Colleague: 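Sending over a structure as structure tokens; questions will come in a sec.
From a predicted model like this one, the values you see are computed outputs, not experimental measurements. Counting from 1, the numbers follow the sequence of the chain as shown. Any value given below was found using the heavy atoms of this structure, including those in side chains, with hydrogens, waters and symmetry copies removed.
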Amino acid sequence: MMNKYLIEIYLPACGKSFQLRVPRDVPLAQWLPLAARLLERQSGGLFVSGASTVLCDRQTGDIYDINRTARELGFQNGSAALLI
């Protein structure tokens, strides 16, 4: 069984989407800072990650609780998120 989800993360700062594999059962707080730094590099510096960086539901704009896992938050393969 796969222990990761393939999700799409949209960066409004650069107008691009990126696909990432994220762990299902690890709290966002543990992997989001690494993912944000990776996407910062991928954006060519248009997106700058920091302490105020948040991951949101792409459709509703609701901010995800970084203390919960992707599984707990209802992520699935193909889920769409927004990183701001």
Colleague: Are V54 and Y64 close enough that some pair of their side-chain heavy atoms sits under 4.5 Å apart?
Modeller: no

Colleague: Heavy atoms only: give me the nearest A70-P23 pair and the separation to one decimal.
Modeller: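 For A70 and P23, the tightest heavy-atom pair comes out as CB-O, 3.6 Å.
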
Colleague: Let me check something: do L38 and L83 share a hydrophobic cluster, defined by ILVMFWY side-chain heavy atoms less than 4.5 Å apart, either directly or through other members?
Modeller: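 Yes; tracing contacts between hydrophobic side chains, which count when under 4.5 Å, links both residues.
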
Colleague: Go through the steps for C56 and I84 under the test side-chain contact (heavy atoms from CB on, under 4.5 Å), then give the verdict.
Modeller: CA-CA 8 Å; C56 308; I84 52 175; 4.0 Å; yes

Colleague: Test of understanding: clusters of I, L, V, M, F, W, Y form through side-chain heavy atoms closer than 4.5 Å, transitively. Do L11 and L46 belong to the same one?
Modeller: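 Not linked; separate clusters.
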
Colleague: Measure the CG-CG distance between L55 and L32 for me, rounded to the nearest 0.5 Å.
Modeller: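 Reported value, rounded in 0.5 Å steps: 5.5 Å.
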
Colleague: So L28 and R68, side-chain contact (heavy atoms from CB on, under 4.5 Å) or not? Walk me through it.
Modeller: CA-CA 6 Å; L28 270 65; R68 298 183 67 198; 5.8 Å; no

Colleague: Assigning hydrophobic clusters by single linkage (Ile, Leu, Val, Met, Phe, Trp, Tyr; side-chain heavy-atom cutoff under 4.5 Å), is L82 placed with I7?
Modeller: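 No, L82 does not connect to I7 through the hydrophobic network.
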
Colleague: Specify the closest pair of heavy atoms between S49 and R37, including all atoms of both residues, with the distance to one decimal.
Modeller: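 Nearest pair, atom of S49 first, then R37: OG-CG, 3.8 Å.
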
Colleague: Check for me, please, whether V26 and L20 land in the same ILVMFWY cluster - side-chain distances under 4.5 Å, paths through other members count.
Modeller: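 Shared cluster, yes.
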
Colleague: Minimum heavy-atom separation for K4 to N77, with atom names?
Modeller: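 It is O-OD1, 4.1 Å.
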
Colleague: How many angstroms lie between atom CD of Q42 and atom NZ of K16, to the nearest 0.5 angstrom?
Modeller: 9.0 Å

Colleague: Between CZ of F75 and CG of D57, what distance do you get to the nearest 0.5 Å?
Modeller: 8.0 Å

Colleague: Please report the closest heavy-atom contact between G74 and S79, naming both atoms and the distance.
Modeller: O-OG, 4.4 Å

Colleague: Give a yes or no on whether I63 atom CD1 has more than 12 heavy-atom contacts from other residues, nucleotides or ligands under 6.0 Å away.
Modeller: no

Colleague: Nearest heavy-atom pair of D65 and N67: which atoms, and what distance?
Modeller: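 Scanning both residues completely, I find the closest heavy atoms to be OD1-N, 2.8 Å.
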
Colleague: Give a yes or no on whether I66 and L39 share a hydrophobic cluster (residues Ile, Leu, Val, Met, Phe, Trp, Tyr; joining criterion: side-chain heavy atoms under 4.5 Å apart).
Modeller: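 Yes, it is one cluster - the side chains of I66 and L39 are joined through contacts under 4.5 Å.
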
Colleague: Using side-chain heavy atoms (C-beta onward) and a distance below 4.5 Å, is T69 in contact with R24?
Modeller: no

Colleague: Where is the tightest heavy-atom contact between Y10 and S17, given as atom of each residue plus distance?
Modeller: CD1-OG, 3.3 Å

Colleague: Give a yes or no on whether E72 atom CD has more than 12 heavy-atom contacts from other residues, nucleotides or ligands under 6.0 Å away.
Modeller: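 Atom CD in E72 is packed in, count exceeds 12.
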
